[in-house]
Amino acid sequence: MFDEIDENYDPVLFDGIIDFDPNTMYIEQNSNDVIDSLKGWLIDFSPSQFETESTDSLNDFSEVPSYDVPLNRKEWLVEDLISKRQRSPRLFEFLILLLGKPQYICYASFIDKSKGIFLIHQPQKVAELWQAVKSRQSNQRMTYDKFARAIRWYYKSNIMQKTNTRYTFQFSSKTLKNYFLDENNNTKMCLSS
DNA sequence: CTCGGAAGTC
DNA sequence: GACTTCCGAG
């Protein structure tokens, strides 16, 4: 059962087996998935600057605990709309997925979701995660520099638009419309596998 | 850091 | 085609 954790995962269901102190957390199952989901959950519900959209003192994540999230390849697959088969995501799809995962909030998060503007808090980690998810065989290390160049590539095709701000990127309204909002402007997550 | 040209890879 | 790699310029 612990292999099937997904968006519907409800940590409350696991109350019975978890000692809820994040530092001395004890879990009966030897499952990293559960631990990761839990960490994401804990962060998600902690009083945070993440939800509030304060424009000043904004996004000082220096005090936010950071940890490596073990890669689970399965959760990064998307269903190809044409072939209906699972495949690894394109870069912009990877970004959408990343921004939707609470356990990765210390890697990157929206600063204005309605406009599709987000900030990358841990540039190098995001770049390495992208390389791992893409799993393109290369002897070289994916750097933030190259990762950012790939995003800049999207400016011409209007998948993303310039922000001219450090570590800050923005999806175009076209992308927003196609991948984030439904007809009623509610969030939709058609990329979830 | 950001931007975008140019060449290379899959 | 979709990046990846390298890089000069701002």
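The analysis underlying the following values was restricted to heavy atoms, covering all of them including side chains, and did not include hydrogens, waters or symmetry mates. Please read all numbers here as calculations on a predicted model, not as lab measurements.
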*Kindly assign one of parallel, tilted or perpendicular to the pair A:Y107 and A:Y104, based on the angle between their ring planes and the thresholds 30° and 60°.*
perpendicular
_Between C:dA2 (P) and A:L95 (CG): distance, integer Å_ = 15 Å
*asked:* Contact list please: residues 154-168 of chain A against DNA chain B, heavy atoms, distance less than 4.0 Å, in numerical order.
replied: A:Y155, A:K162, A:N164, A:T165, A:R166, A:Y167
_Between P on C:dT5 and CG on A:D145, what's the gap in Å once rounded to a whole number?_
11 Å
*asked:* Does any part of the side chain of A:V126, heavy atoms only, come nearer than 4.5 Å to the side chain of A:F94, both counted from C-beta?
replied: yes
*Return no unless some side-chain N or O of A:W153 is found under 4.0 Å from OP1 or OP2 of B:dC3.*
no
_Cation over ring face, A:K146 and A:W130, 6.0 Å, 45°_ = no
*What nucleotide, of B:dC10, C:dT5, C:dC3, holds the atom closest to the side chain of A:S138?*
C:dT5
_Sugar-phosphate only, base, or nothing, as touched by A:R90 at under 4.0 Å among non-hydrogen atoms_ = sugar-phosphate
*asked:* Please report the distance, rounded to the nearest Å, between OH in A:Y144 and C1' in C:dC3.
replied: 16 Å
*asked:* Nearest to the side chain of A:R152, heavy atoms from C-beta on, is which of C:dT5, C:dC3, B:dG4?
replied: B:dG4
*asked:* Taking 4.0 Å as the cut-off, does a side-chain nitrogen or oxygen of A:Q140 come that near to OP1 or OP2 on C:dC6?
replied: yes
*Shortest non-hydrogen contact from A:E75 toward A:Q103*: OE1-NE2, 3.5 Å
*asked:* Please verify the inter-ring angle class for A:F171 with A:F110; under 30° counts as parallel, over 60° as perpendicular, anything in between as tilted.
replied: tilted
*Calculate the interatomic distance between A:N139 atom CG and B:dC10 atom C1'; express it in whole Å.*
14 Å
*Find out whether A:Q122 and A:C106 are in side-chain contact, i.e. whether some heavy atom of one side chain is under 4.5 Å from a heavy atom of the other.*
yes
*asked:* Rounding to an integer number of Å, can you tell me how far A:K146 NZ sits from B:dT2 C1'?
replied: 18 Å
